[in-house]
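What follows is a short report on a single structure.
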Amino acid sequence: MLPPFDPWLTSRIALDAAAVAHAGVQGLAERQSRRLGELLRAAVRGSAFYRRRFQGLDLARVKLDELPAVRKAELMHAFDDWVVDPALRLDALRRFTADRSRIADPFAGRYVVWESSGSSGEPGIFVQDAHAMAVYDALEYLRRPAARSLERLMNPWGLGQRFVFVGATDGHFASTVSIERLRRLNPTLSLSLRSVSFLQSSEALAAQLDALRPTVVATYPSVALLLAEERLAGRLHAVPQEIWTGGEELSATRRGFVQQALGCPVVDNYGASEFLTLASECRHGRLHLNSDWAILESVDAEGRAVPPGERGASSLLTNLANHVQPLIRYDLGDRVRQDPDACPCGSALPVIEVEGRNDDALRLGRPGARAVYVPPLAVSTILEDDAGLFDFQLVQQGPCELLLRTGLQGKAAVDGLRRARLALSAYLQHLGAEGVHIHCKSGERECRGASGKVQRVLVEPT
């Protein structure tokens, strides 16, 4: 059975998204207001969680910022009451995502399902119906960064292009599910759209990319940095025409280094498991929020709105596309600043700056030997997927010294750290990092990065 896809609905939403370019600020506000009203009515009608949450409120008059905020842990605890379809039950979805052979299979014949990592300490499961996927598809196609705009205009279907995603390929993660879904919906993409695991040595990764010769590589900034270093070292020969990044903070320094080393443009986007395509770059390199389908409130530590031009302590997401699993003022955790000035590109979509995940890459190896580069998301994948440890922080304290700590205590901490140490040791040996010592501590609080999120992987200054 094919994954959910409604071509007519996708086309209609795409036409509306294209019209936003000419609708102006007022047209955006009208779309937002109408879709928010539809979302609130759907949530109260179908979700027992939100019926209790909004009891006594006049939703026709209430303002969004008067509604209570929610967090992932709270929603996951009440999952079966949160979703609007009785066919969606957390136990069944957990069994579904535990089976890696079912990536991109439709759940209950009509839903796309993916899981989030535990970067906030709480893994999540997110369900999309055909309508939500139509919104994501339309936004991805129309607003995905295009460094070579003229070529993209002349070749809208990407004929002759070879796309490679480099990331975690063995789990039900949003990127992996999305790519496999496209391959199933269009079998002609089976050779031109590939996924490559970043859970391999840098030499093996470079060799695989050389064999595939991608024209576009989609990955994380930390992995793009690895590819740039492999290119400079003469181990990566295939050079793509574009690098697409997302999932981590992309600094100007990183972008400049990657562009110079690989000789191609780097274009960034901002997305999350909770909303696949939140913002995309314009030709001026600025991130535009897809505010016709997503509301992102920048708030201070007390949950109060911060004015444009100031960076908040967190952000609250309202997903206007997904009525199956309503997300209303959901604490996303990223620190966001909305630019008070209009963008020179002329788009009415607001410009934002995001401080998201900013973990460090590990460089392990004895003095005098070539260091083994380990992307932070690869570390998280091993500890979360293979060891089942979500409450952790890994600190590099020396060339071959790692400290793995968790806030867990008692038997749960002992068992979790034991599994994690074995899994991480085996992975590092596989990469060629020999003689690495992993010290474990339990009952310790983690350090938080500038984004406000727990910094899962960090390197102590020497």
Side-chain angles (χ1 to χ4, degrees), residues 32 36 53 62-77 116-124 126 220-222 246-252 254 268-279 286-291 293-320 326-341 349-360 376-377 380 390-393 395 405-407 444-458:
Q32 229 184 52
L36 177 59
R53 194 83 171 180
V62 71
K63 296 180 180 178
L64 180 61
D65 61 9
E66 295 172 345
L67 298 176
V70 294
R71 290 175 171 80
K72 185 193 293 184
E74 179 183 12
L75 292 174
M76 291 302 298
H77 181 73
S116 72
S117 68
S119 61
S120 63
E122 176 74 23
F126 298 95
Y220 306 96
S222 59
E248 296 173 325
E249 188 173 342
L250 177 66
S251 68
R254 276 187 173 185
D268 198 31
N269 82 324
Y270 172 47
S273 299
E274 294 83 354
F275 194 106
L276 197 58
T277 307
L278 274 170
R286 300 187 181 183
L287 279 174
H288 286 268
L289 176 68
N290 291 320
S291 58
W293 286 103
I295 301 174
L296 199 60
E297 305 170 71
S298 184
V299 296
D300 62 19
E302 283 71 44
R304 298 171 301 201
V306 301
E310 294 185 16
R311 196 179 304 278
S314 187
S315 53
L316 305 179
L317 168 68
T318 299
N319 183 333
L320 303 176
L327 290 169
I328 302 168
R329 307 201 79 213
Y330 170 91
D331 192 339
L332 199 56
D334 295 332
R335 299 185 64 196
V336 174
R337 171 188 176 272
Q338 181 174 333
D339 196 324
D341 301 321
L349 296 170
V351 174
I352 60 173
E353 297 176 0
V354 183
E355 284 186 5
R357 189 197 303 258
N358 62 341
D359 291 338
D360 297 329
L377 282 172
S380 298
F390 295 93
D391 183 352
F392 72 87
Q393 185 171 59
V395 185
R405 54 192 178 199
T406 179
E444 289 201 355
R445 294 177 60 86
E446 310 98 329
C447 298
R448 292 184 178 270
S451 69
K453 289 186 175 182
V454 172
Q455 196 168 357
R456 294 289 175 190
V457 184
L458 69 152

### Message
Contact between V354 and L278 at the side-chain level, heavy atoms closer than 4.5 Å - yes or no?
### Response
no

### Task
Evaluate the side-chain proximity of P376 to R456: yes if any heavy-atom separation is below 4.5 Å, no if none is.
no

### Query
Under 4.5 Å between any side-chain heavy atoms of Y270 and D334, yes or no?
yes

### Task
Using a 4.5 Å cut-off on heavy atoms from C-beta on, say whether the side chain of E274 contacts that of K72.
yes

### Task
Quick one: closest heavy-atom pair of P68 and R53, and the distance?
CG-NE, 3.5 Å

### Task
Report yes if some heavy atom in the side chain of L67 is under 4.5 Å from a heavy atom in the side chain of T318; otherwise report no.
no

### Task
Using side-chain hydrogen bond (donor to acceptor under 3.5 Å, both in side chains) as the criterion, list what pairs up with R337, not counting sequence neighbours.
E353

### Query
Is there a side-chain contact between V299 and R304 (heavy atoms, below 4.5 Å)?
no

### Task
Determine whether more than 12 heavy atoms belonging to other residues, nucleotides or ligands lie under 6.0 Å from atom CZ of R71.
no

### Query
Taking C-beta and beyond as the side chain, do D360 and Q455 meet within less than 4.5 Å on heavy atoms?
yes

## Note on the structure
Correct closest heavy-atom pair for A294 and F275 would be CB-CE1, 3.9 Å

#### Entry: Nearest non-hydrogen partners of G247 and Y220, listed with the distance
CA-CD2, 4.1 Å

### Shortest non-hydrogen contact from S314 toward D331
OG-OD1, 2.6 Å

### Task
Go through the structure and list residues passing side-chain hydrogen bond (donor to acceptor under 3.5 Å, both in side chains) with S222, not counting sequence neighbours.
E248

### Spatial distance of atom CD1 (I352) from atom CG (L289) [nearest 0.5 Å]
5.0 Å

### Query
Is L64 close to I328 at the side-chain level, that is, under 4.5 Å between some pair of heavy atoms?
yes

### Task
Work out which heavy atom in A69 is nearest to a heavy atom in E74; give both atom names and the distance.
O-OE1, 4.4 Å

### Message
My understanding is that only residues two or more places apart in sequence, or in another chain, count here; which of them pass side-chain hydrogen bond (donor to acceptor under 3.5 Å, both in side chains) with E297?
### Response
R329

